[in-house]
Asks: 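Mind having a look at this structure? Questions to follow.
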Amino acid sequence: MSDLPVVPDPAPVPDRRRSAVARRGGGPAPIHEAGRLELAPGPLRHDHLKTIGERAKTRLEAHAGRIVDWYAAKAPDDPYGRAYAVVFGERALCFARPRVREGRRVYAVSAYVLDPDSHKRVEIVHAPGAAAAPAGAWVPGGGHRILGLRTDAYEVLGTLPPRAQELLQAPFLAGQSVHDCDWYYEGYRDYLEMFMIYLAGRQDVTVLCGSRKIPPGHSEADAHWRAVCHRAKVAQRIGT
């Protein structure tokens, strides 16, 4: 097997109750200052996925169920330069990470198994005019910091539409710590063909999957986004 199948998500229903999820989570979510989404030449996710063993990929598919989105990238902490993979499916958010055990190169597969009845989807369609003012107020000096979330994650969150930032952070505003967070994107400066970011805690998982386009006359600050935010309760943790 050289690839992971992605089945299109059912058409989501736009959520027009702005900030309702954020209020339930423990106060309005802060809107962060954006960093730059840098692009570098090199292998893409399909190339990295080919280097991961079939056994690990089979286990990822078994845990994930119907796949919503996925990525594979070079593991920053592996001494052999191997790749890792993240798969988000209807049943679980799953990981295959390279490890060395007793001198053997192996992959450790782990997962946040999700409660399917708690899975919510919100469509994000963000298309501001050129040089439009941000739709939310940036909270300087840290604002409401989330336990366990590393500093560079705030800069990535800041590139997203305010509504997306709210939805991703909502479950973690009342003190739940983020246990896992990562992101991946690929494409061109004016068109990121795929973008995925997740925040995972002991009780909740939030994931955004989508794309970003910078139309002529626009900049990263007023880019257009089309994405879906997912949120689900964690029913079980396997190896995390």
Asks: State, to 0.1 Å, how close Ile124 and Pro161 come at their nearest heavy-atom pair, and which atoms those are.
Replies: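 Shortest heavy-atom separation between Ile124 and Pro161 comes out as CG2-CG, 4.0 Å.
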Asks: Does a side-chain heavy-atom distance below 4.5 Å link Ile197 with Tyr185?
Replies: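 Answer no - side chains too far apart.
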Asks: Say whether Val68 and Val234 are linked into one hydrophobic cluster, either directly or through other cluster members, by side-chain heavy-atom distances under 4.5 angstrom.
Replies: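 Yes: a chain of side-chain contacts under 4.5 Å links Val68 to Val234.
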Asks: Enter the distance from Gln165:CD to Ile31:CD1 here, rounded to the nearest 0.5 Å.
Replies: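 Reported to 0.5 Å precision, the distance equals 4.5 Å.
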Asks: Checking the side chain of Glu220 only, and the main-chain atoms of Arg36 only, is there a donor and an acceptor separated by less than 3.5 Å?
Replies: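 Not confirmed, Glu220 side chain does not pair with Arg36 backbone.
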Asks: Using a strict 4.0 Å threshold on nitrogen-to-oxygen distance, state whether Arg45 and Glu193 make a salt bridge.
Replies: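 Salt bridge flag = no for Glu193 with Arg45.
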Asks: Enter the distance from Arg82:CZ to Asp77:CG here, rounded to the nearest 0.5 Å.
Replies: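 Result: 10.0 Å between the selected atoms.
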Asks: Filter on salt bridge (Lys or Arg N to Asp or Glu O under 4.0 Å), then keep only pairs touching residues 169-185, sequence neighbours left out; what's left?
Replies: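 Qualifying pairs: Arg97-Asp180.
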Asks: Is there a donor-acceptor contact under 3.5 Å from the side chain of His119 to the main chain of Arg231?
Replies: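 No, His119 side chain to Arg231 backbone: no donor-acceptor pair under 3.5 Å.
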Asks: Who pairs with Tyr184 by ring pair (Phe, Tyr, Trp, His ring centres under 6.0 Å), at least two apart in sequence or on another chain?
Replies: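 For Tyr184 the ring pair (Phe, Tyr, Trp, His ring centres under 6.0 Å) partners, ignoring immediate neighbours, are Tyr71.
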Asks: If you measure from OG on Ser219 to CG on Asp190, what distance do you get to the nearest 0.5 Å?
Replies: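 Rounded to the nearest 0.5 Å, the OG-CG separation comes to 12.5 Å.
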Asks: Between Pro98 and Asp78, which heavy-atom pair has the shortest distance, and what is it?
Replies: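 Taking every non-hydrogen atom into account, CB-OD1, 3.6 Å.
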Asks: Any chance you could measure Asp69, atom CG, to Met194, atom CE, to the nearest 0.5 Å?
Replies: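 Asp69 atom CG to Met194 atom CE measures 4.5 Å (nearest 0.5 Å).
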Asks: What is the minimum heavy-atom distance between His126 and Pro162, and which atoms define it?
Replies: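 Scanning both residues, the minimum pair turns out to be CE1-CD, 4.3 Å.
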Asks: Can you confirm whether Leu39 sits close enough to Leu192 that some side-chain heavy atom of one is under 4.5 Å from a side-chain heavy atom of the other?
Replies: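 Answer yes - side chains close enough.
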Asks: Mind checking whether His179 and Ser177 have side chains closer than 4.5 Å, heavy atoms only?
Replies: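 Side-chain contact under 4.5 Å: no.
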Asks: Answer with yes or no after comparing the ring centroid distance for Tyr198 and Tyr112 against a 6.0 Å cut-off, counting only values under it.
Replies: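 For Tyr198 and Tyr112, the ring centres are not under 6.0 Å apart.
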Asks: When the side chains of residues 200-217 are checked against the rest of the protein, which donor-acceptor pairs come out under 3.5 Å, sequence neighbours left out?
Replies:
unit_1, atom_1, unit_2, atom_2, d
Asp204, OD1, Lys233, NZ, 3.2
Asp204, OD2, Gln176, NE2, 2.9
Asp204, OD2, Lys233, NZ, 3.4
Thr206, OG1, Leu168, O, 2.9
Arg212, NH2, Arg189, O, 3.0

Asks: Name all residues meeting the ring pair (Phe, Tyr, Trp, His ring centres under 6.0 Å) criterion together with Trp225; count only those two or more places apart in sequence or in a different chain, and write none if there are none.
Replies: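 Per chain and number, Trp225 pairs via ring pair (Phe, Tyr, Trp, His ring centres under 6.0 Å) with Phe195.
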Asks: Where do His230 and Arg121 come nearest, in terms of heavy atoms and distance?
Replies: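 Heavy atoms only, the tightest pair is ND1-CG, 3.6 Å.
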Asks: For the residue pair Cys94 and His63, what are the closest heavy atoms and their distance?
Replies: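 It is SG-CB, 3.4 Å.
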Asks: Quick check for you: to the nearest 0.5 Å, what is the distance between Cys181 atom SG and Ile146 atom CD1?
Replies: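 Separation between the atoms: 9.0 Å.
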Asks: I'd like to know whether Ile67 forms a side-chain contact (heavy atoms from CB on, under 4.5 Å) with Leu60, so could you lay out the CA-CA distance, the side-chain angles of the two residues, the decisive distance to 0.1 Å, and finally the verdict.
Replies: CA-CA 10 Å; Ile67 294 173; Leu60 286 173; over 6 Å; no
Asks: Where is the tightest heavy-atom contact between Thr51 and Ala83, given as atom of each residue plus distance?
Replies: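 Looks like OG1-CB, 3.7 Å.
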Asks: Among residues at least two apart in sequence or on other chains, which ones pass ring pair (Phe, Tyr, Trp, His ring centres under 6.0 Å) with Tyr84?
Replies: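 If we apply the ring pair (Phe, Tyr, Trp, His ring centres under 6.0 Å) test to Tyr84, skipping adjacent residues, there are no hits.
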Asks: Could you check if a side-chain atom of Glu123 sits within less than 4.5 angstrom of a side-chain atom of Cys229, using non-hydrogen atoms only?
Replies: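 Not touching, per the 4.5 Å side-chain cut-off.
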Asks: Would you say Leu160 and Leu173 are hydrophobically clustered, going by side-chain heavy atoms of ILVMFWY under 4.5 Å?
Replies: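 In one cluster: yes.
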Asks: Taking the side chain as everything from C-beta on, heavy atoms only, tell me whether Met196 gets closer than 4.5 Å to Val86.
Replies: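 In contact.
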Asks: Any donor-acceptor pair under 3.5 Å linking the side chain of Arg226 with the backbone of Ala127?
Replies: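 Here the side-chain-to-backbone pair does not exist.
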Asks: Could you give the distance from CD (Glu33) to CD (Glu155), rounded to the nearest 0.5 Å?
Replies: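 The CD atom of Glu155 is 7.5 Å from CD of Glu33, to the nearest 0.5 Å.
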Asks: Flag yes if more than 12 heavy atoms outside Arg104 fall under 6.0 Å of its CZ atom; otherwise flag no.
Replies: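 No - once you tally the heavy atoms of other residues, nucleotides and ligands closer than 6.0 Å, there are 12 at most.
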Asks: Can you list the residues that meet the side-chain hydrogen bond (donor to acceptor under 3.5 Å, both in side chains) rule with Arg101, with sequence neighbours excluded?
Replies: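 side-chain hydrogen bond (donor to acceptor under 3.5 Å, both in side chains) check on Arg101 returns nothing, list empty.
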